[in-house]
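Along the sequence shown, residues carry numbers from 1.
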Amino acid sequence: MRSTTLLALLALVLLYLVSGALVFQALEQPHEQQAQRELGEVREKFLRAHPCVSDQDLGLFIQEVADALGGGANPEINSTSHSNYSAWDLGSAFFFSGTIITTIGYGNAALRTDAGRLFCIFYALVGIPLFGMLLAGVGDRLGSSLRRGIGHIEAIFLKWHVPKELVRILSAVLFLLIGCLLFVLTPTFVFCYVEGWSKLEAIYFVVVTLTTVGFGDYVAGASTSQNSAVYQPLVWFWILFGLAYFASVLTTIGNWLRAVSRRTRAEMGGFTAQAASWTGTVTARVTQRGGPAAPLPPEKEKPLLPPPPCTAQPAGGPASPAPPEKAEPPSPPTASALDYPSENLAFIDESSDTQSERGCALPLPPRGRRRPHNPARKPPRPRGPGSPRDKNVPV
């Protein structure tokens with residue numbers, strides 16, 4: 001993660017904390033002040049009703065009661081009633097151990113002995129990683145089971161020719177709804193019936209527990225009316241499966257975000273490559289059109305030479321034999337026809353000019369024979385300032 005992203009995230013979290021602090025202060029501080037005033041009124045009323053008790057003695061008594069409540073004592077019981085009740089029976093101790101390794105830590109029961117605190121340190125160091133591995137395994141199995149069940153529902157939707165995109169959305173919604181029904185709504189109604197809580201108090205306890213916040217103001221099985229030894233262990237198993245479900249949901253969301261991130265990076269890479277290719281093409285075209293093309297070197301005009309003089313033959317006289325021409329060495333084989341028509345035409349024109357300079361017409365093909373489709377022609381001789389002239393051509 002980049003430093004700028006980390007700083008922005010830190011600033012966002014701090015802003016979120018400050019906003020939460022302001023909201024909680026506005027909601028809870030008036031209630032705290034009202035409770036403090038009511039406690040003062042009750043204290044003054046008690047002192048007026050019992051003038052033999054001094055204010056100092058009453059303060060010491062309240063302090064001792066607060067310490068006893070912090071140590072796990074329950075003001076609803078005394079030495080005569082509920083003599084068999086204990087906050088550290090086997091079921092309650094099992095539930096307390098479960099709150100340690102799940103990192104919930106309600107705080108309604110706390111350790112008061114040094115030996116217990118020392119044992120809790122090593123117990124948490126070993127138990128928390130162990131529970132983490134168990135939670136990962138249970139979450140994987142639970143998520144696979146839910147997805148397998150939802151897969152059958154997806155098959156039914158596909159048989160009904162429902163679009164695949166809509167089926168994926170429906171499967172995600174069903175995954176969330178089934179989990180909330182099993183691990184949020186059903187326990188809410190169970191706690192409302194067993195604990196006697198309101199629906200808001202019950203769902204508050206469920207959410208605070210499954211998010212591992214665990215304030216401790218509401219704890220299942222903490223009241224003296226619950227005498228069952230298996231009630232709190234059953235609550236702990238609900239916590240196990242609820243945390244596993246939420247872990248599976250978070251894993252699914254993380255996988256989805258990673259898939260979306262990879263797809264986005266791939267699409268952005270394709271767009272970047274296309275943009276770079278388009279930019280290079282446009283730049284090359286602009287460069288070609290922007291500057292004028294370099295002019296070709298002017299061709300030297302060939303001097304027009306007069307045709308050689310033809311000797312007239314006397315009429316009726318015998319025709320004198322033509323002087324034998326010198327045999328010229330065979331010309332090298334010419335290249336095949338070019339691909340571009342303009343180059344072929346230039347080749348033909350140049351060959352015609354060469355033949356005209358020599359003063360001889362192209363030989364006619366004999367009758368009865370076809371002229372070859374692409375006859376070989378002699379390449380033109382280079383005419384430069386240093387080339388020798390014909391002897392018969394006048395200067």
Quick one: side chain to side chain contact (heavy atoms under 4.5 Å, CB included) partners of T5, sequence neighbours excluded? M1, R2
Report yes if some heavy atom in the side chain of T188 is under 4.5 Å from a heavy atom in the side chain of F205; otherwise report no. no
How many angstroms lie between atom CG of L9 and atom OG1 of T4, to the nearest 0.5 angstrom? 11.0 Å
Are T103 and I128 side-chain neighbours, meaning at least one heavy-atom pair lies under 4.5 Å? yes
Measuring from atom CG of L176 to atom CG of L146, what distance do you get when rounded to the nearest 0.5 angstrom? 10.5 Å
Which distance, rounded to the nearest 0.5 Å, do you find between the CG of L130 and the CG of L125? 13.0 Å
Tell me, with the steps shown, if L240 and L134 meet side chain to side chain contact (heavy atoms under 4.5 Å, CB included). CA-CA 9 Å; L240 170 63; L134 175 65; 4.2 Å; yes
Treat each ILVMFWY residue as a node, draw an edge where side-chain heavy atoms are under 4.5 Å apart, and state whether L17 and V213 are in one component. no
Worked check of side-chain hydrogen bond (donor to acceptor under 3.5 Å, both in side chains) between T209 and Y218: CA-CA 10 Å; T209 298; Y218 290 91; over 6 Å; no
Heavy atoms only: give me the nearest F96-A109 pair and the separation to one decimal. CE1-O, 3.4 Å
Beyond-backbone contact of W278 with T281, side-chain heavy atoms, under 4.5 angstrom: no
Going through the checks in order, is the ring-ring contact (aromatic ring centres under 6.0 Å, His included) test met by F183 and F241? CA-CA 8 Å; F183 303 109; F241 286 102; 7.1 Å; no
Atom CZ of residue position R147 - does it have more than 12 heavy atoms of other residues, nucleotides or ligands inside 6.0 Å? yes
Around Q36, counting heavy atoms of other residues, nucleotides and ligands shown, do more than 12 lie under 6.0 Å from its CD? no
Taking all heavy atoms of G216 and all of N108, pick out the closest pair and write down the distance. O-CB, 4.0 Å
Rounded to the nearest 0.5 Å, what separates atom CD1 in I239 from atom CG in L210? 7.5 Å
Quick one: pull up CG in L170 and CD in E165 and give me the separation to the nearest 0.5 Å. 11.5 Å
Hey, does Y123 have a side-chain heavy atom less than 4.5 Å from the side chain of I101? yes
What's the spacing between E32 CD and Q25 CD if we round to 0.5 Å? 10.0 Å
Measuring only between side-chain heavy atoms, which start at C-beta, is V208 closer than 4.5 Å to D217? no
Please give me the minimum heavy-atom distance between G116 and L111, naming the atom from each residue. O-CD1, 3.4 Å
Kindly indicate, with the supporting measurements, whether the criterion side chain to side chain contact (heavy atoms under 4.5 Å, CB included) is fulfilled by V184 and F246. CA-CA 11 Å; V184 177; F246 278 101; 4.3 Å; yes
Would you mind reporting whether R148 and S144 have side-chain heavy atoms less than 4.5 Å apart? yes
Taking the side chain as everything from C-beta on, heavy atoms only, tell me whether L177 gets closer than 4.5 Å to L181. no
Is it true that W197 and Y204 have ring centroids separated by less than 6.0 Å? no
Only distances under 3.5 Å count here; give the side-chain donor-acceptor pairs of residues 155-164 to other protein atoms, sequence neighbours excluded, each with its distance to 0.1 Å.
none

Between Y106 and F215, is the ring centre distance below 6.0 Å? no
Does W88 share a hydrophobic cluster with I100, counting links as ILVMFWY side-chain heavy atoms below 4.5 Å and allowing steps through other members? yes
May I have all residue pairs that pass side chain to side chain donor-acceptor pair (under 3.5 Å) and include part of residues 229-248, sequence neighbours excluded? S92-Q232, E195-Y231
If you take all heavy atoms of T212 and T102, which pair is closest and at what distance? CG2-O, 3.9 Å
Would you find more than 12 non-hydrogen atoms of other residues, nucleotides or ligands less than 6.0 Å from R117 atom CZ? yes
Quick check on the hydrophobic clustering: are V206 and I178 connected, directly or via other members, by side-chain heavy-atom contacts under 4.5 Å? yes
Closest non-hydrogen atom pair, A202 against F191: CB-CB, 4.2 Å
Hydrophobic clustering (ILVMFWY, side-chain heavy atoms < 4.5 Å, transitive) - are F237 and L185 grouped together? no
Under 4.5 Å between any side-chain heavy atoms of P233 and F95, yes or no? no
Shortest non-hydrogen pair, L182 vs P187, comes out as O-CD, 3.5 Å
When you measure from the side chain of E64 to the backbone of F61, do you find a donor-acceptor pair of N or O atoms at a distance under 3.5 Å? no
Do V249 and L142 share a hydrophobic cluster, counting only Ile, Leu, Val, Met, Phe, Trp and Tyr and linking them when any side-chain heavy atoms are less than 4.5 Å apart? yes
